[in-house]
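Contents: one structure, followed by commentary.
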Amino acid sequence: MKNELYKELIKDLKKDYNSGYKINYLKRKYNKIYKKQKGINKLLNYKFIKVYKNIEKISCFYNEIIVNDNINKYDYLFNVSGYALDHNQKVAIIKDPNNLLIVAGAGSGKTLTIIGKIIYLLHKKIKPSEILCLSFTNMAAQSLKNKLKENNIEMDVLTFHKLGINILKSHGYKVSINTCLLENIIEKNLIYSEMKKFLKTNFITVDKYGDEITNDNILTKEMFIYTEEYKSYYNLFLSFINLFKSNNFNIKAFNTFIKKAPYKNRLILIYIRKIYKEYEDNLNFNNEIDFNDMVNKAIYLVNSKGIKNYKYIIIDEFQDTSLSKINLIKAIQKKTKAKIVAVGDDWQSIYRFSGCDINNFLKFKNYFSYSEEVIIKNTYRNSKELLKISSSFIMKNKNQIRKKLNSFKVNKKPVKIYYYENDYENKLFEVVNKIKGEKLVLGRNNKDIRKSMSILKGRKDIKIMTVHKSKGLEADNVILVGLDDSILGFPNKIIQNNILKYVLSDKDNYPYEEERRLFYVALTRTKNDVYLLVNKNNPSIFVKELLKDYSNYIKID
């Protein structure tokens, strides 16, 4: 009897449970046997106990065998948009646990893998309406939808906000969205005399010409809005309230913040609470919502009233999710028992100050139990030399997933540095005219973009944008500008107001943590070379680091 129980457990572990709740099922089944027989110890033996206590680990092992057995069986499915998928992509497509995290390096064919996963699910008789497919921005969602259509698949791809709206409407809510109310209320409250009185402090203010204003009596509202002080508080209040709502805090959280805060922070928090309350009162009075409400109210409705049945939830750009978006996914999974397939790259998490939290990616298994992970290791965009530079550069921060990316492309010196002193305009023209093929100019800040656009105006063969906007894009060659060692250089050294610590996730644990990830994104947009325009008299600390650590792969012109 003992051997029969052990053999039954092993046999169950080898089965492919398409329900996706294999581990939960087995734990429940054998936990009953274990509890029942533990006292009398008639059926238990060493082998059974060892397997039972490691059931999750052993189940993953047998899942690997099942995946490898099926790769050849379904090989005819693995040609997507004219590209043959590699082994890691196939594994990501066939692997079918409750929750799957697909870690996809830059240029590794992430979108092809998502499309391949959907093709595989449709082949397994999952209906398009049973798959909830989500992406981060409207542009990314539309792009994925178009690529699915190219593969003869008609299905919706939604942003989280669109999903939230759909949930609200499905429960009879008339959705009226107000996207500018918060800015208007902040502007109305940011009156110099009122701020000075409320915050009990003297401000040093500078007018639009940079001259210090010392006479309070002449500082009108019209003058104050041009000052750096006004801009600083405006951005602080806007960021705080957006982060507050994206983390789904309620107004009672202000009491906790205020109790813990030092005196000066306490006054600012009270001021922000006043603005927040006025904002929420106005939204409620007019029966309006903002972008954060689309998600937060959807969470409540899913938990209280349910949602249509989904069997799979596929999330693109998972590294860009906020806590409230995670909670919405958890609520949907709880109601529908859907499997989660999350796809993304922690090395490209660059939206922390809009509420996104890299820990959602790093701690995926904490949020979604009985999870497995697949790393797509081959990249088809960058050369192996550029991978050496970019991967080593980004992995200096240990608080990220360690991964070794591969490439079959060779480019001995993929990084080209062009120094300039007082001839930036001429140098930019020189580089642009030297490069053949598609060109993408990237800058850290809008000022870099405006400057480049004014120099290169009329050039239709060149795309110019910030690094943030370039994520997900690629070009034959990339030109990176604004590489100064300054407050607004790259890395950007603006110190965020410490008031935001109350609504942000974990503090950065590595110098310029997010700026380093942003620089990684910039380096990896290119299919061939990346050209760095560097101020010779004041080079970025990132450029210095590249020259110090990777000089063998860099050409200086």
Should the heavy atoms of other residues, nucleotides or ligands under 6.0 Å from NZ of Lys396 be counted, would the total exceed 12?
yes

Is it true that Asn151 and Ser81 share a donor-acceptor pair across their side chains at a distance under 3.5 Å?
yes

Is there side-chain contact between Arg517 and Ile358, with heavy atoms separated by less than 4.5 Å?
yes

Taken to the nearest 0.5 Å, the spacing of Leu101 CG from Ile375 CD1 works out to 9.0 Å

Is it the case that atom NZ in Lys493 sees more than 12 heavy atoms from other parts of the structure closer than 6.0 Å?
yes

Nearest atoms (heavy-atom pairs only) where Phe393 meets Leu546:
CD1-CD2, 4.1 Å

Rounded distance (nearest 0.5 Å) linking atom OG of Ser239 with atom CG of Leu500:
6.0 Å

Is the backbone N or O of Asp485 less than 3.5 Å from a side-chain atom of Asn538, with the two atoms forming a donor-acceptor pair by type?
yes

Within 45 degrees of the axis of the six-membered ring of Tyr531 and under 6.0 Å from its centre: does Lys434 put its NZ or CZ there?
no

Would you check if there is a donor-acceptor pair between the side chains of Asn359 and Asp357 at a distance under 3.5 Å?
yes

Donor-acceptor contact present, side-chain Arg381 to main-chain Ala106, <3.5 Å
no

Looking at every non-hydrogen atom in both residues, tell me the closest pair between Lys325 and Phe136 and how far apart they are.
NZ-CE1, 3.8 Å

Residues Lys413 and Asp529 bridged, charged N to O under 4.0 Å:
no

Within the 4.5 Å heavy-atom criterion, are Asn178 and Tyr279 side-chain neighbours or not?
no

Crowding at NZ, Lys409 (>12 non-hydrogen neighbours, <6.0 Å):
yes

Should the pair Phe291 and His161 be assigned to parallel (<30°), tilted (30 to 60°) or perpendicular (>60°) ring geometry?
tilted

Identify the heavy atoms of Val410 and Ser383 that sit nearest to each other, and give their distance.
C-CB, 4.2 Å

Got a donor-acceptor contact below 3.5 angstrom from the Asp290 side chain to the Asn292 backbone?
yes

Looking at Arg352 and Glu514, is any side-chain nitrogen of the basic one under 4.0 Å from a carboxylate oxygen of the acidic one?
no

Exercise: identify the closest heavy-atom pair between Gly472 and Arg525:
N-NH1, 3.3 Å

Whether the side chain of Ser143 engages the backbone of Ala140 through a donor-acceptor N/O pair (distance < 3.5 Å, no angle test) should be reported.
no

Side-chain donor or acceptor of Ser540 paired with backbone N/O of Phe490 under 3.5 Å:
yes

Tell me if the NZ atom of Lys536 is crowded by more than 12 foreign heavy atoms within 6.0 Å.
no

Atom pair CG (Asn248) and NZ (Lys297), whose distance is rounded to the nearest 0.5 Å
10.0 Å

Going from CG on Leu85 to CD1 on Ile93, what distance comes out if it is rounded to the nearest 0.5 angstrom?
5.0 Å

So for atom CG, which belongs to Asn422, do other residues, nucleotides or ligands contribute more than 12 heavy atoms lying within a distance under 6.0 Å?
no

Kindly indicate, with the supporting measurements, whether the criterion side chain to side chain contact (heavy atoms under 4.5 Å, CB included) is fulfilled by His123 and Ile119.
CA-CA 6 Å; His123 179 78; Ile119 290 172; 5.6 Å; no

Going by the angle between their ring planes, with limits at 30° and 60°, are Trp347 and Tyr520 parallel, tilted or perpendicular?
perpendicular

Quiz question: by atom type and distance under 3.5 Å, do the side chains of Asn492 and Asn445 form a donor-acceptor pair?
yes

Any sub-3.5 Å donor-acceptor pair from Asp476's side-chain atoms to Glu438's backbone N or O?
yes

Using side-chain contact (heavy atoms from CB on, under 4.5 Å) as the criterion, point out the one residue from Asn327, Asn99, Leu323, Ile340 that pairs with Tyr367.
Leu323

Under 6.0 Å from the CE atom of Met155, do we count more than 12 heavy atoms belonging to anything else shown?
yes

Electrostatic pair Glu545-Arg516, nearest N-O below 4.0 angstrom:
yes

Between Ser452 and Ile449 (side chain of the first, backbone of the second, donor and acceptor by atom type, cut-off under 3.5 Å), is there such a pair?
no

Pairing donors with acceptors under 3.5 angstrom, does anything connect the side chains of Glu150 and Asn146?
no

Does a donor on one side chain and an acceptor on the other come within less than 3.5 Å for Asn399 and Glu513?
no

Closer than 4.0 angstrom, basic N to acidic O: yes or no for Lys416 and Asp557?
no

Side-chain (Asn360) to main-chain (Thr321) donor-acceptor, under 3.5 angstrom
yes

Does Lys110 pair with Asp316 as a salt bridge, N-O distance under 4.0 Å?
yes

Separation between CD1 of Ile131 and OH of Tyr310, rounded to the nearest 0.5 Å
11.0 Å

Please assess Phe240 against Tyr502 for the test ring-ring contact (aromatic ring centres under 6.0 Å, His included), listing each intermediate value before the final yes or no.
CA-CA 9 Å; Phe240 189 99; Tyr502 298 101; 7.2 Å; no

Is Ile177 close to Ile165 at the side-chain level, that is, under 4.5 Å between some pair of heavy atoms?
yes

Any chance the side chains of Asn528 and Asn411 put a donor and an acceptor closer than 3.5 Å?
no

Less than 4.0 Å between a side-chain N and a carboxylate O, is that true for Arg444 and Glu515?
yes

Which heavy atom in Ala104 sits nearest to a heavy atom in Gln348, and how many Å separate them?
O-NE2, 4.5 Å

Quick check: do Asn535 and Leu483 have side-chain heavy atoms less than 4.5 Å from each other?
no

Sub-4.5 Å side-chain heavy-atom contact between Glu425 and Tyr420
no

Modelled atom types, side-chain donor and acceptor of Tyr351 and Lys471, under 3.5 Å:
no

Rounding to 0.5 Å, atoms CG (Asp549) and CD1 (Ile389) come to a distance of 10.5 Å

Before accepting this row, confirm whether a basic side-chain N of the pair Lys403/Asp345 lies closer than 4.0 Å to the acidic partner's carboxylate O.
yes

Atom NZ of Lys463: over 12 foreign heavy atoms under 6.0 Å
no

Check against ring-ring contact (aromatic ring centres under 6.0 Å, His included), Tyr233 and Phe237
CA-CA 6 Å; Tyr233 276 104; Phe237 294 172; 5.7 Å; yes

Kindly say whether Ser407 contributes a backbone atom to a donor-acceptor pair with the side chain of Asn382 at under 3.5 angstrom?
no

Work out which heavy atom in Ser349 is nearest to a heavy atom in Asp320; give both atom names and the distance.
CA-OD1, 4.3 Å

Check for a donor-acceptor pair, side chain of Gln89 on one end and backbone N or O of Ser108 on the other, with a separation under 3.5 Å.
yes

I'd like to check Phe364 versus Ile401 (side-chain heavy atoms, cut-off strictly below 4.5 Å). Are they in contact?
no

Is there a side-chain contact between Leu442 and Met465 in this structure, where contact means two heavy atoms from C-beta onward sitting under 4.5 Å apart?
yes

Side-chain contact, heavy-atom cut-off 4.5 Å: Glu288 with Asp293?
no

Set out, in order, the CA-CA distance, both residues' side-chain angles and the distance that settles side chain to side chain contact (heavy atoms under 4.5 Å, CB included) for Gln142 and Val157, then state yes or no.
CA-CA 7 Å; Gln142 188 60 49; Val157 182; over 6 Å; no

